[in-house]
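Counting starts at 1 for both ligands and their atoms, in listed order.
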Amino acid sequence: MARCLLLSRTSLPDEVVTVLGEQYPKDAKTNITSSILSKVSRKLHLQPSHPIGILRSLIEAHYPSFTALSNFSPVVTPAMNFDDLSFPLDHPGRSLTDSYYINAHRMLRTHTSAHEVETFAKGIRQWLLTADVYRRDEIDGSHYPVFHQMEGARIFSHDPSGIRELEEDNARLAARLAKANIVIEDIPHVTATNPAQPSHDPRHAELVALNLKLSLNSLILDIFGGRANAGEGEPLRVRWIEAYFPFTSPSFEVEVMFGGKWLEILGCGVVLQSTLDKAKVPNSIGWAFGLGLERIAMILYSIPDIRLFWSEDPRFLSQFTPGQIKTFKPFSKYPACYKDVSFWLPDQAMHENDFCDLVRDAAGDFVEDVKLVDAFTHPKTKRNSQCFRINYRSMDRSLSNDEANALHAQVVSRLKNVCVYLLVRVDHVRTTSNTIIKPRLLHLAVSPVTLAHGRAALEE
Ligand code: FA5
Ligand code: MG
């Protein structure tokens, strides 16, 4: 906790945090950084010519009878984000390593599900809600600390009229999908490990889970159908997998093959009855989903790097037109510049997300990815050190080695604030097409970085 306080103090010297014009007092839980705060006002989902805004409109058009909402403040209470959704008290999502807290009483929502109770409580029975969400996460081409989700939900009456509505809708959707040329790997709707809720009639719960799957398969067909951007001209491959969320049962995730790997695009399930009870919606049963809009847009437009969504470069922005999906033409791939940093972990340990957040705050979108390349425990002192490799690469120009060194120096200087012990060493590795040019030490062994890192740690 002291560490996080220190982190936020270095980035925000004042005693208050200002988010969208509102001031909040800082306290020991404050861990929001200025780099994150700078993103709160961007609202990419409300920009009609931005790929995230275009995708929002496309999905809203697919669900014409659903109420579309998109103007909810990202500042929520931990109760809205977690408690109302039955997150257990020890759920890792609540921790400072995973979420951005403004203070002990306010945080940036980590998912659009934070608005489920208030939206159901309005009496709306089918709705879509789009918003920016914030998470302390790893850094790579498909994870970003700010991204956009669209929550969708639909509830049915608990009585025979609800069952009839479900059966009719399921038949309509199934008939449409039967004609489609799309291969979707499915799993059972309800199983012992992914059970119906005790208060539900299992047959009714199955119909709801089936309706959820048919509804999302129909959306997937609508937005991806006929587009073979899933990777190197291959047909689109989609699969359903069993999942766990504290607020749904049964629960599922959907993955799409992209660039040779399965990319998770959404989570969903049958809404926990306690959520509907909290919203004071009686005699109802329903489903909800949360789509990752960046992930879907990356697949649709062939956008290779999630940082591009934040670009204000006209070469990016001018490629998109409302209502249209065209393959994105990358303007250039500038050279990567890898730099390693190794350090003894502070006594209270340091989560990888803490390190990634520190790197993102110091070097912004110049960081393409961060990888833990080695971990080392000193045989005598049992102290732990880690070696991370940071890839500095600008999306719109070539970074000079001096610029990358300056960014890396910023990272190291922030690190010195949080690591009580001295840094072991900082390795500067300049590469072109992944060939290590220097330092020479790294050429010595089969696992060169490990060796260099371990040796330096022992010499300390
Ligand atoms: C959720 O956030 C749940 N709220 C989804 C849900 C809603 C479940 C309603 C049940 C009912 P998850 O953490 O898996 O689930 O995130 C949902 C999607 O957001 C992921 O499938 C992925 O597409 C996207 N996503 C998650 N983390 C990131 C990230 N760091 N950067 C970009 N997209 C992300
Ligand atoms: Mg997930």
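On a distance-only criterion, His111 and ligand 1 share at least one N/O pair closer than 3.5 Å. Checking only distances, Arg135 does come within under 3.5 Å of ligand 1, N or O to N or O. By the 3.5 Å distance cut-off applied to N or O atoms, Gly269 is not counted among the residues near ligand 1. At a 3.5 angstrom cut-off on N or O pairs, Glu264 counts as close to ligand 1. Here's the thing with His143: none of its N/O atoms is less than 3.5 angstrom from an N/O atom of ligand 1. Note: an N/O pair closer than 3.5 Å links Ser113 and ligand 1 by distance alone. Residue-to-ligand polar distances keep Gly290 apart from ligand 1: every N/O pair is separated by 3.5 Å or more.
For atom 17 (C) of ligand 1, the closest non-hydrogen atom of the protein is Gln149 NE2, 3.3 Å. Distance from atom 15 (O) of ligand 1 to its nearest protein heavy atom, with residue and atom name: Phe245 CE2, 3.4 Å. Among protein heavy atoms, atom 5 (C) of ligand 1 sits closest to Gly267 O, 3.8 Å. Considering only non-hydrogen protein atoms, atom 31 (N) of ligand 1 sits nearest to Tyr144 N, 3.2 Å. The protein heavy atom nearest to atom 30 (N) of ligand 1 is Asp137 OD2, 3.0 Å. With hydrogens left out, the protein atom closest to atom 9 (C) of ligand 1 is Glu151 OE2, 3.3 Å, a heavy atom. In this structure, atom 25 (N) of ligand 1 lies nearest to the protein heavy atom Phe147 CE1, 3.3 Å.
Classification of Glu368 and Arg307 as a salt-bridged pair holds, one side-chain N sitting under 4.0 Å from a carboxylate O.
Residue Val271 does not touch ligand 1, judged by heavy-atom distances below 4.0 Å. Only the side chain of Thr248 comes within 4.0 Å of ligand 1, counting heavy atoms alone; its backbone N, CA, C and O stay farther away. With a heavy-atom cut-off of 4.0 Å, Ser142 touches ligand 1 through its backbone alone.
The shortest separation from a heavy atom of Glu253 to ligand 1 is under 4.0 Å, placing the residue in contact. Using a 4.0 Å heavy-atom cutoff, Phe247 is listed among the residues neighbouring ligand 1. Thr110 does not count as a contact of ligand 1, since none of its heavy atoms falls under 4.0 Å from the ligand.
Taking each heavy atom of Ile303 and Leu308 in turn, the nearest pair found is CG2-CD1, 3.9 Å. Closest approach of Arg109 and Ser73 over heavy atoms only: NH1-O, 2.8 Å. In plain terms, the two heavy atoms of Ile325 and Leu300 that are nearest each other are CG2-O, 3.6 Å.
Taking the Mg ion (ligand 2) as reference, the nearest N/O/S atom within Glu264 carries the name OE2. Within Glu253, OE2 is the N, O or S atom that lies nearest to the Mg ion (ligand 2).
Formation of a donor-acceptor pair under 3.5 Å by the Gln197 side chain with backbone atoms of Ser249 is found in this model. Side-chain atoms of Arg56 never come within 3.5 Å of backbone atoms of Leu46 as a donor-acceptor pair (strictly under, hydrogens ignored). Under the 3.5 Å distance criterion, the side-chain polar atoms of Ser99 are left unmatched by any main-chain donor or acceptor of Leu96. The closest donor-acceptor contact from the side chain of Ser284 to the backbone of Pro282 lies under 3.5 Å.
Both tests pass for Arg315 against the ring of Phe331: distance under 6.0 Å to the centre and angle within 45° of the axis.
Of all atoms in ligand 1, numbered sequentially from 1 with element shown, those under 4.0 Å from a heavy atom of Ala288 are 9 (C), 11 (C). Applying the 4.0 Å criterion to heavy atoms of Phe289 picks out, from ligand 1, the atoms 7 (C), 9 (C). Counting atoms of ligand 1 from 1 in the listed order, those under 4.0 Å from a heavy atom of Ile306 are 31 (N), 32 (C). Near Cys268, meaning under 4.0 Å from any of its heavy atoms, are these atoms of ligand 1: 8 (C), 10 (C), 11 (C).
Taking the six-membered ring for Trp, His111 and Phe247 have ring centres closer than 6.0 Å. Aromatic ring centres of Phe316 and Phe328 lie closer together than 6.0 Å. Ring pair Phe87/Phe82: centre-to-centre distance below 6.0 Å.
Using the six-membered ring where Trp is involved, Trp240 and Phe252 have ring planes that are perpendicular, over 60° apart on the 30 and 60° scheme. Ring geometry, Trp310 versus Tyr144: the interplanar angle falls under 30°, so the pair is classed parallel (tilted spans 30 to 60°). Aromatic ring orientation, His45 versus His148: tilted (interplanar angle from 30° to 60°).
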